[in-house]
S.K.: 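Right, I'll just put the structure down here and ask away after.
Atoms considered below: every heavy atom in the structure, side chains included; atoms not considered: hydrogens, waters and symmetry mates.
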Amino acid sequence: KDVQKDREPHVYLSKEEVKEKIQSYNSSVTDKLKMTLNANGIYTGFIKVQMELCRPITVQSSQSQGRCAHSNNETAFYLPEGCVNTLHISSTNTVREVIEALLKKFFVADNPAKFALYKRCHKEDQVYTCKLSDREHPLYLRLVAGPRTEMLSFVLREHETGEVMWEAFSIPELQNFLRILDKEENEQLQILKKRYAAYRDKLEEALGGVWKPG
């Protein structure tokens, strides 16, 4: 179930409450990705972000994996399903900064404004996906929810606009998309040709058996 706005009230924690929660959080961590509280009250830690992107991304690199098309020093390709990335951030980092850092980490040239960060929660045997506002702090949400990703996880998606805003893409990006579509169209065409050729062979074989002189 997708929810566009998170209606849960934001609870502000005192420095002592933050310290207690971090201690509780670290005692429950199983992957060594613990949080650290600094003397100034700012804490740092890790979040994992699952990439659920339907459209190809543009990367400034000459070496990329997957189905891709090249344009100068940029490559557009589809991310594999289930791709998860880990970021080390602080409690002051906002959702917008996390998106920008995530894209920068992997040399993604696409405009960060094309993407949105969602949180996925489990409540009463149901899964809710809520779009986060740009000013929210992911590490705070991670701390409050605890380290278990089945209780709270982060997902990066394209903005849900109903229709693709093609004018937001650059000319090289659009050209790369066309190359990818042409490649996929040719691949599907070859698959169909082989399938119908196999059908034709079986039909001709069957007809030959029917009309074969006895």
S.K.: Answer yes if V29 and V144 sit in the same cluster of Ile, Leu, Val, Met, Phe, Trp and Tyr residues linked by side chain heavy atoms under 4.5 Å apart, and no otherwise.
M.R.: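 Result: yes, single cluster for both.
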S.K.: Have a look at L102 and tell me which of I89, T86, V108, N85 forms a side chain to side chain contact (heavy atoms under 4.5 Å, CB included) with it.
M.R.: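 Per the side chain to side chain contact (heavy atoms under 4.5 Å, CB included) rule, the option paired with L102 is N85, out of I89, T86, V108, N85.
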S.K.: Applying a strict under-4.5 Å side-chain criterion to I, L, V, M, F, W and Y, I'd like to know whether F107 and F115 cluster together.
M.R.: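 Both belong to a single hydrophobic cluster.
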S.K.: Excluding sequence neighbours, so at least two apart, what forms side-chain hydrogen bond (donor to acceptor under 3.5 Å, both in side chains) with E150?
M.R.: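 Per chain and number, E150 pairs via side-chain hydrogen bond (donor to acceptor under 3.5 Å, both in side chains) with R148.
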S.K.: Where do V98 and L87 land on the side-chain contact (heavy atoms from CB on, under 4.5 Å) test, with the steps shown first?
M.R.: CA-CA 8 Å; V98 166; L87 282 179; 3.9 Å; yes
S.K.: Is any side-chain heavy atom of L37 closer than 4.5 Å to one of V18?
M.R.: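 Yes, their side chains come closer than 4.5 Å.
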S.K.: Is any side-chain heavy atom of C83 closer than 4.5 Å to a side-chain heavy atom of Q50?
M.R.: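 Of all side-chain heavy-atom pairs linking Q50 with C83, none is under 4.5 Å.
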S.K.: Check whether Y128 forms a cation-pi arrangement with R120 (NZ or CZ under 6.0 Å from the six-membered ring centre, at most 45° off the ring normal).
M.R.: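 Cation-pi check for R120 and Y128: fails.
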S.K.: So, using side chain to side chain contact (heavy atoms under 4.5 Å, CB included) as the criterion, who are the partners of N40 when residues are at least two apart?
M.R.: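 N40: side chain to side chain contact (heavy atoms under 4.5 Å, CB included) contacts with N38, I42.
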S.K.: With sequence neighbours excluded, tell me which residues meet side-chain hydrogen bond (donor to acceptor under 3.5 Å, both in side chains) with D134.
M.R.: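 Listed in chain order: R96.
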S.K.: Applying salt bridge (Lys or Arg N to Asp or Glu O under 4.0 Å) as the test, list every pair that has at least one member in residues 38-47; sequence neighbours left out.
M.R.: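 The answer is none; no pair qualifies.
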S.K.: Only counting residues at least two apart or in another chain, list the ones meeting side chain to side chain contact (heavy atoms under 4.5 Å, CB included) with D182.
M.R.: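 Checked D182 against side chain to side chain contact (heavy atoms under 4.5 Å, CB included); matches are E185.
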S.K.: Looking at N93 and E97, what are the two nearest heavy atoms and their distance?
M.R.: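 Residues N93 and E97, closest heavy atoms: CA-OE1, 3.1 Å.
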S.K.: Under a 4.5 Å side-chain heavy-atom rule over Ile, Leu, Val, Met, Phe, Trp and Tyr, are Y43 and L13 clustered together?
M.R.: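 Yes.
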S.K.: Side-chain contact, heavy-atom cut-off 4.5 Å: V84 with M51?
M.R.: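 V84 vs M51: side chains apart.
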S.K.: Under the salt bridge (Lys or Arg N to Asp or Glu O under 4.0 Å) definition, can you give me all pairs with a residue in residues 194-204, not counting sequence neighbours?
M.R.: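 Qualifying pairs, neighbours excluded: none.
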S.K.: Tell me the closest heavy-atom pair linking P138 and L117, and the distance in Å.
M.R.: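 Scanning both residues, the minimum pair turns out to be CG-CD2, 4.1 Å.
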S.K.: Taking it one step at a time, do L156 and E52 satisfy side-chain contact (heavy atoms from CB on, under 4.5 Å)?
M.R.: CA-CA 6 Å; L156 184 72; E52 292 186 355; over 6 Å; no
S.K.: Quick one: list whatever passes side-chain hydrogen bond (donor to acceptor under 3.5 Å, both in side chains) with S14, sequence neighbours left out.
M.R.: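 By the side-chain hydrogen bond (donor to acceptor under 3.5 Å, both in side chains) rule, S14 matches E17.
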S.K.: Residues sharing Y196's hydrophobic cluster, by side-chain heavy-atom contacts under 4.5 Å among ILVMFWY, directly or via others?
M.R.: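 So far as hydrophobic clustering goes, Y196 is joined with L192, Y199.
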S.K.: Side-chain contact, heavy-atom cut-off 4.5 Å: Y118 with R157?
M.R.: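 Yes, close enough: below the 4.5 Å cut-off.
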S.K.: State which residues pass side-chain hydrogen bond (donor to acceptor under 3.5 Å, both in side chains) with S24; sequence neighbours excluded, sorted by chain then number.
M.R.: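 side-chain hydrogen bond (donor to acceptor under 3.5 Å, both in side chains) check on S24 returns nothing, list empty.
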S.K.: So do the side chains of M35 and L143 get within less than 4.5 Å of each other, counting heavy atoms only?
M.R.: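 In short, these two side chains touch, coming nearer than 4.5 Å.
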S.K.: Side chain to side chain contact (heavy atoms under 4.5 Å, CB included) with A145: which residues, sequence neighbours excluded?
M.R.: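 In terms of side chain to side chain contact (heavy atoms under 4.5 Å, CB included), with neighbours along the sequence ignored, A145 is linked to R142, L152.
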S.K.: Can you list, by chain and residue number, the hydrophobic cluster partners of F46 when the side-chain cut-off is 4.5 Å?
M.R.: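 Direct or chained contacts put F46 with L33.
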S.K.: Looking at S133, is its backbone amide N or carbonyl O close enough to the side chain of E136 to form a donor-acceptor pair, meaning the two atoms are under 3.5 Å apart?
M.R.: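 At least one qualifying donor-acceptor pair exists.
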S.K.: Looking only at heavy atoms, which two atoms of L139 and G45 are closest? And how far apart?
M.R.: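 Smallest heavy-atom distance, with atoms named: CD2-N, 3.5 Å.
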S.K.: Tell me the closest heavy-atom pair linking I99 and P112, and the distance in Å.
M.R.: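 Here I99 and P112 meet closest at CG2-O, 4.0 Å.
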S.K.: Who pairs with Q188 by side chain to side chain contact (heavy atoms under 4.5 Å, CB included), at least two apart in sequence or on another chain?
M.R.: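 In terms of side chain to side chain contact (heavy atoms under 4.5 Å, CB included), with neighbours along the sequence ignored, Q188 is linked to I191.
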S.K.: Working note: K119 + S153, criterion side-chain contact (heavy atoms from CB on, under 4.5 Å); need CA distance, chi angles, decisive distance, verdict.
M.R.: CA-CA 6 Å; K119 74 172 185 177; S153 59; over 6 Å; no
S.K.: Using side-chain heavy atoms (C-beta onward) and a distance below 4.5 Å, is S91 in contact with Y140?
M.R.: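 No; the side chains remain at least 4.5 Å from each other.
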S.K.: Does atom NZ of K48 have more than 12 heavy-atom neighbours, drawn from other residues, nucleotides or ligands, at distances under 6.0 Å?
M.R.: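 For K48, atom NZ is not crowded (no more than 12 foreign heavy atoms under 6.0 Å).
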